[in-house]
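Residue numbers begin at 1 in each chain, while the letters A, B, ... track the order of the sequences. When reading the values below, keep in mind they use all heavy atoms of this one structure, side chains included, and skip hydrogens, waters and symmetry mates.
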2 protein chains.
Amino acid sequence: MDNRKIIEILERKGVRVTSIRILVMEALTAASRPMSLSDLETVLDTVDKSSIFRSLEAFEKHHAVHSIDDGTGSVKYEVCEGEDECTVSDMHAHFYCEKCHKTYCLKEISAPVVDLPEGFEMNSVNYIVKGTCRECGRRLSRDGLL
Amino acid sequence: MDNRKIIEILERKGVRVTSIRILVMEALTAASRPMSLSDLETVLDTVDKSSIFRSLEAFEKHHAVHSIDDGTGSVKYEVCEGEDECTVSDMHAHFYCEKCHKTYCLKEISAPVVDLPEGFEMNSVNYIVKGTCRECGRRLSRDGLL
DNA sequence: GCTCAATTGCAACCGGGTTGCGCCAGCCCG
DNA sequence: CGGGCTGGCGCAACCCGGTTGCAATTGAGC
């Protein structure tokens, strides 16, 4: 992976560039799936978790990443797509596989928006579908467990 | 509140009736809103939290209550409406007020269901809207803060 | 190269959730 | 009534993800 690209992302978002932050952002962009703090901890085993945490904090403040809560008890982070803000783009659906415990990002499916009762103001939406992912479904049917 | 009703609910769901469980179920039905473990802990300050926890566990196993994760880090519980199962009824939307930190149960709004990519199997849906609730909206506009 | 603010690593802490264990209550059976 | 068994309870300890205080280090700007 080319560090230039990573550094460019950080600079564009106005995040101060450090070696640790490059590592964290690199891991996040390399992953095809939202990552939790402990996921990152195991990938970057030389880096202290508080440093990763604070890097993510900085990224999030500058809208370089956004966090999603898939109800597993550990917050996941993923790189924001848009060039600038990502408040709208973080409204897409996510899928949590109860078999392999992976969280998928259904980028193409934007989170549905409902009409709220009068007086309620919406700020953001969290839409999580739980179930069995494609691979686990295949695996289970192959093994005759389905 | 009439204990008879509480006991009747527990018996109908096949949960063994104990004094603690009556207290927990009573608190849950009395609350107009989903309650967390620590909410219940403060309401029932004579009861140990592990007892409350295990009561909730028992209730949930017998579909007397269901849990919802509003992304605040503490799971909320609410009494199932239906007489029997509640697997469908727990698919309604919830609203989390970021001002007063209350979770509302939008019973009349069922969680929207999206089409998943091929091979993905849906088990349940979690739909949380975050924002400002009616009361906080009123309060803020009354105080000129909005 | 120097200075000062920001970042990092470490260790400790926090809070929600969970569990091991001994004790107690209730119940069935003789 | 008495004994034994099952299940519930309280206590304390633990787990884990997240967070923070602090001292050491880094690095950006001069």
Side-chain angles (χ1 to χ4, degrees), chain A residues 3 6-7 10-11 13-28 34-62 64-78 96 101-103 128, chain B residues 3 6-7 10-11 13-28 34-62 64-78 96 101-103 128:
Chain A
N3 272 8
I6 305 296
I7 293 172
L10 295 179
E11 285 177 340
K13 298 287 186 166
V15 183
R16 185 186 293 253
V17 178
T18 71
S19 53
I20 299 278
R21 292 183 179 177
I22 294 175
L23 287 174
V24 176
M25 181 55 83
E26 195 172 349
L28 274 178
M35 298 193 81
S36 69
L37 180 57
S38 49
D39 289 340
L40 289 165
E41 227 180 318
T42 55
V43 175
L44 308 169
D45 59 349
T46 61
V47 185
D48 189 75
K49 78 170 169 172
S50 67
S51 303
I52 301 175
F53 173 74
R54 286 193 261 236
S55 296
L56 292 169
E57 214 174 30
F59 293 171
E60 202 170 6
K61 192 167 66 181
H62 291 270
V65 307
H66 59 258
S67 59
I68 51 180
D69 188 327
D70 55 10
T72 57
S74 68
V75 181
K76 306 284 189 305
Y77 298 87
E78 64 184 343
Y96 174 70
H101 306 289
K102 282 181 191 154
T103 296
I128 312 280
Chain B
N3 273 5
I6 306 294
I7 293 173
L10 294 179
E11 285 178 340
K13 298 287 186 168
V15 183
R16 187 184 292 252
V17 178
T18 71
S19 53
I20 299 277
R21 291 183 181 177
I22 293 174
L23 288 174
V24 176
M25 182 54 84
E26 196 173 347
L28 274 179
M35 298 193 80
S36 69
L37 180 58
S38 49
D39 290 340
L40 289 165
E41 229 179 315
T42 55
V43 175
L44 308 170
D45 58 349
T46 61
V47 186
D48 190 77
K49 78 169 169 172
S50 66
S51 303
I52 302 176
F53 173 74
R54 286 192 262 236
S55 297
L56 293 169
E57 216 173 31
F59 294 171
E60 202 171 6
K61 190 165 67 179
H62 292 270
V65 308
H66 60 259
S67 59
I68 51 180
D69 188 328
D70 58 8
T72 58
S74 67
V75 180
K76 306 284 189 304
Y77 298 86
E78 64 184 345
Y96 174 71
H101 306 289
K102 283 182 192 153
T103 297
I128 311 281

Q) Just by protein heavy atoms under 4.0 Å, how would nucleotides 15-23 of chain D read 5' to 3' in B, S and -? A) --SBBBB--
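B:K102 is linked by a side chain to side chain contact (heavy atoms under 4.5 Å, CB included) to B:R33, B:C100, B:Y104, counting only residues two or more places apart in sequence or in another chain.
Pairs of residues two or more places apart, or lying in two chains, that qualify as side-chain hydrogen bond (donor to acceptor under 3.5 Å, both in side chains) and include a residue from residues 51-60 of chain B are B:E60-B:S67.
Distance CD1 (A:I7) to P (D:dA28): 11 Å, rounded to an integer number of Å. Distance A:K61 NZ to C:dT7 C1': 12 Å, rounded to the nearest Å. Distance A:L40 CG to C:dG9 P: 14 Å, rounded to the nearest Å. Note: CD1 (B:I52) to P (C:dG15) measures 17 Å, nearest angstrom. Per the geometry, CG belonging to B:D45 stands 15 Å off C1' belonging to D:dG10, to the nearest Å.
Atom CD1 of A:I52 and atom CZ of A:R21 lie 13.0 Å apart (nearest 0.5 Å). Between B:D69 atom CG and B:I128 atom CD1 the span is 7.0 Å, to the nearest 0.5 Å. Rounded to the nearest 0.5 angstrom, A:M25 CE and A:I7 CD1 are separated by 12.0 Å. In this structure, NZ in A:K76 is found 12.5 Å from CG in A:L56, a value given to the nearest 0.5 Å.
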Distance-only check: which donor-acceptor pairs under 3.5 Å involve side-chain atoms of residues 37-49 of chain B, not counting sequence neighbours?
from	atom 1	to	atom 2	distance (Å)
B:S38	OG	B:S36	OG	3.3
B:D39	OD1	B:S36	OG	3.4
B:D39	OD2	B:S36	N	2.9
B:D39	OD2	B:S36	OG	3.1
B:T42	OG1	B:S38	O	3.4
B:T42	OG1	B:D39	O	2.7
B:D48	OD2	B:S50	N	3.0
B:D48	OD2	B:S50	OG	2.5

Q: Could you walk me through whether A:H101 and A:T72 pass the side chain to side chain contact (heavy atoms under 4.5 Å, CB included) test, one step at a time?
A: CA-CA 9 Å; A:H101 306 289; A:T72 57; over 6 Å; no
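Scanning residues 15-25 of chain B for heavy-atom distances under 4.0 Å to DNA chain D yields B:R16, B:T18, B:I20, B:R21.
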